[in-house]
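Below, all heavy atoms of this structure are taken into account, side chains as well, without hydrogens, waters or symmetry copies.
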Amino acid sequence: MIAIIDYDAGNIKSVEKALLYLGQQEKDVVLTREREVIHAADRVILPGVGSFRDAMEKLRGYGLEPVIREYVESGRPFLGICLGLQLLFEESEESPGARGLGLLKGKITKIPEGEGRKVPQIGWNDIRINPESRLLSGIPDNSYVYFVHSYYLTAENRSEVAATTEYGVSIDAAVESGNLFACQFHPEKSSGVGLRILKNFIELD
């Protein structure tokens with residue numbers, strides 16, 4: 001079973017539809033915020049769009065912060081998408097003083113404007129892939145994926161970076177550390193490349 005954490009942060013249904021398209025049975029893809037259901041899952045996905053502070057307040061309001069920590073500590077695959085990636089870190093420039101999950105270390109800062117760049121970045125961009133990435137296994141280097149974001153990650157531990165992209169600055173587009181995986185882009189909106197990434201997640205050992 002794959003549990004998609006539902007904490008009123010949007011982007012839930014598109015992830016569910018992508019998993020069903022990949023052949024997952026409806027009974028095996030569950031939108032939930034229930035501790036018991038999440039702990040029973042083989043894999044968990046934390047999607048999200050919106051502000052860092054609001055999202056963390058919702059996670060804490062539903063009592064999900066300890067549930068996420070316990071699940072990650074269990075060693076089973078966990079995937080953060082878009083805002084879900086940023087929440088795995090300690091803090092974000094978007095919401096000074098708001099504390100993230102702190103499961104990974106790095107900086108979340110605003111994309112600088114200039115040279116015709118629009119912020120938020122909305123659209124397709126190519127990624128440079130770490131050949132050792134498990135999540136991006138089989139994805140050709142310089143493949144295009146779909147981004148919607150105003151803030152970006154610079155991971156502290158460079159060995160955790162699975163992919164990077166350029167948008168005025170170098171952006172860490174995907175990270176992985178043990179059983180913890182995350183994408184700043186939206187695999188569920190990234191056509192065949194994104195579907196392959198989700199398939200890789202489903203098939204992780």
Side-chain angles (χ1 to χ4, degrees), residues 1-6 11-12 14-48 64-89 101-106 127-143 145-146 153 155-165 172-205:
M1 179 182 71
I2 302 173
I4 302 173
I5 296 179
D6 181 3
N11 199 43
I12 303 290
S14 57
V15 176
E16 178 189 34
K17 288 178 181 177
L19 295 173
L20 295 176
Y21 181 85
L22 286 169
Q24 297 299 299
Q25 300 298 311
E26 287 191 18
K27 64 181 178 63
D28 293 326
V29 180
V30 181
L31 310 183
T32 185
R33 59 179 69 108
E34 299 297 325
R35 180 182 184 278
E36 294 77 12
V37 176
I38 293 169
H39 278 300
D42 301 305
R43 281 153 181 69
V44 168
I45 298 177
L46 177 68
L64 287 166
E65 181 174 14
V67 178
I68 290 171
R69 293 182 184 282
E70 290 163 5
Y71 190 90
V72 171
E73 288 171 3
S74 78
R76 287 168 288 174
F78 185 100
L79 174 64
I81 295 176
C82 194
L83 181 60
L85 170 143
Q86 298 181 11
L87 298 177
L88 299 176
F89 291 82
L101 294 168
L103 295 170
L104 296 170
K105 292 185 178 296
I127 54 175
R128 263 72 65 201
I129 296 172
N130 181 339
E132 296 182 2
S133 169
R134 297 166 64 204
L135 185 65
L136 305 178
S137 176
I139 304 297
D141 201 25
N142 299 311
S143 290
V145 291
Y146 191 77
L153 166 67
E156 182 174 309
N157 186 343
R158 305 311 295 164
S159 67
E160 294 175 348
V161 178
T164 62
T165 192
D172 292 340
V175 291
E176 52 188 78
S177 176
N179 62 311
L180 190 55
F181 303 83
C183 302
Q184 179 61 66
F185 56 87
H186 290 269
E188 77 285 0
K189 298 179 181 178
S190 296
S191 191
V193 169
L195 290 173
R196 174 60 189 268
I197 292 169
L198 290 174
K199 187 171 185 290
N200 285 347
F201 179 70
I202 291 169
E203 295 176 351
L204 286 169
D205 295 331

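Once rounded to the nearest 0.5 Å, the distance linking CG of Leu135 with SG of Cys183 reads 5.0 Å. One distance of note links CD of Glu16 with CD1 of Ile4; it measures 5.5 Å at 0.5 Å rounding. Note: Leu46 CG to Ile68 CD1 = 5.0 Å, rounded to the nearest 0.5 Å. Rounding to the nearest 0.5 Å places CG of Asp205 at 6.5 Å from CZ of Arg134. For the atom pair CD1 of Ile45 and CG of Leu198, the computed distance is 6.0 Å after rounding to the nearest 0.5 Å. To the nearest 0.5 Å, atoms CD1 (Ile197) and CG (Leu79) are separated by 9.5 Å.
Not counting sequence neighbours, Phe181 has no partner by the ring-ring contact (aromatic ring centres under 6.0 Å, His included) test. Residues forming a ring-ring contact (aromatic ring centres under 6.0 Å, His included) with Tyr146 (at least two apart in sequence, or on another chain): Trp124. In this view, Asn179 and Val72 satisfy the side-chain contact (heavy atoms from CB on, under 4.5 Å) rule, not counting sequence neighbours.
Salt bridge absent: Glu160 and Lys105 never bring a charged side-chain N and a carboxylate O closer than 4.0 Å. Ion pairing between Arg69 and Glu73 fails under the 4.0 Å rule for side-chain N and carboxylate O.
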| task | For side chain to side chain contact (heavy atoms under 4.5 Å, CB included), just list the numbers for Val44 and Ile2, CA-CA rounded to whole Å, side-chain angles, deciding distance to a tenth of an Å, and then say yes or no. | result | CA-CA 6 Å; Val44 168; Ile2 302 173; over 6 Å; no

| query | After noting the C-alpha distance and the side-chain angles of Val37 and Met1, does the key distance pass the side chain to side chain contact (heavy atoms under 4.5 Å, CB included) rule? | reply | CA-CA 9 Å; Val37 176; Met1 179 182 71; 4.0 Å; yes

| Can you list the steps and then say if Ile127 with Asn142 is a side chain to side chain contact (heavy atoms under 4.5 Å, CB included)? | CA-CA 5 Å; Ile127 54 175; Asn142 299 311; over 6 Å; no

| message | Run Asp42 and Arg76 through side chain to side chain contact (heavy atoms under 4.5 Å, CB included) and show every step you take. | response | CA-CA 7 Å; Asp42 301 305; Arg76 287 168 288 174; 5.7 Å; no

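Counted within 6.0 Å of CD on Gln25, heavy atoms from surrounding residues, nucleotides or ligands total 12 or fewer; the atom is thus considered open. The environment of Lys199 atom NZ is sparse: at most 12 non-hydrogen atoms of other residues, nucleotides or ligands sit within 6.0 angstrom.
Looking at heavy atoms from C-beta onward, Glu176 lies out of side-chain contact with Glu132 at the 4.5 angstrom threshold. Ile81 has its side chain within reach of Pro187: a pair of non-hydrogen atoms, C-beta onward, lies under 4.5 Å apart. Leu88 has its side chain within reach of Phe78: a pair of non-hydrogen atoms, C-beta onward, lies under 4.5 Å apart. Looking only at side-chain heavy atoms (C-beta outward), Cys82 and Phe185 stay at 4.5 Å or farther from each other. Looking at heavy atoms from C-beta onward, Phe89 lies out of side-chain contact with Leu101 at the 4.5 angstrom threshold.
Looking only at distances, no side-chain donor or acceptor of Tyr71 sits under 3.5 Å from a matching main-chain atom of Arg35. The main-chain N or O of Ala155 is found under 3.5 Å from a side-chain atom of Asp172 such that the two form a donor-acceptor pair. In this structure, the side chain of Arg33 engages the main chain of Asp6 through a donor-acceptor pair within 3.5 Å. Between the Arg43 side chain and the Ala3 main chain, no donor and acceptor come within less than 3.5 Å of each other. At distances below 3.5 Å, not a single donor-acceptor pair connects side-chain atoms of Ser133 with backbone N or O atoms of Asn130. The backbone N or O of Val193 lies less than 3.5 Å from no partner atom in the side chain of Ser191, so there is not a single donor-acceptor pair. In terms of modelled atom types and a separation under 3.5 Å, the side chain of Ser190 and the main chain of His186 share a donor-acceptor contact.
Taking all atoms of both residues into account, the shortest heavy-atom contact from Ala162 to Leu136 is O-CD1, 3.6 Å. When all heavy atoms of Lys189 and Ser14 are compared, the closest pair comes out as CE-OG, 4.0 Å. Summarising the geometry of Ile12 relative to Leu31, their closest heavy-atom pair is CG2-CD2, 3.4 Å, with the distance given to 0.1 Å.
Each of Leu64, Val67, Val30 was evaluated against Ile5; a single residue qualifies, Leu64, per the side chain to side chain contact (heavy atoms under 4.5 Å, CB included) test.
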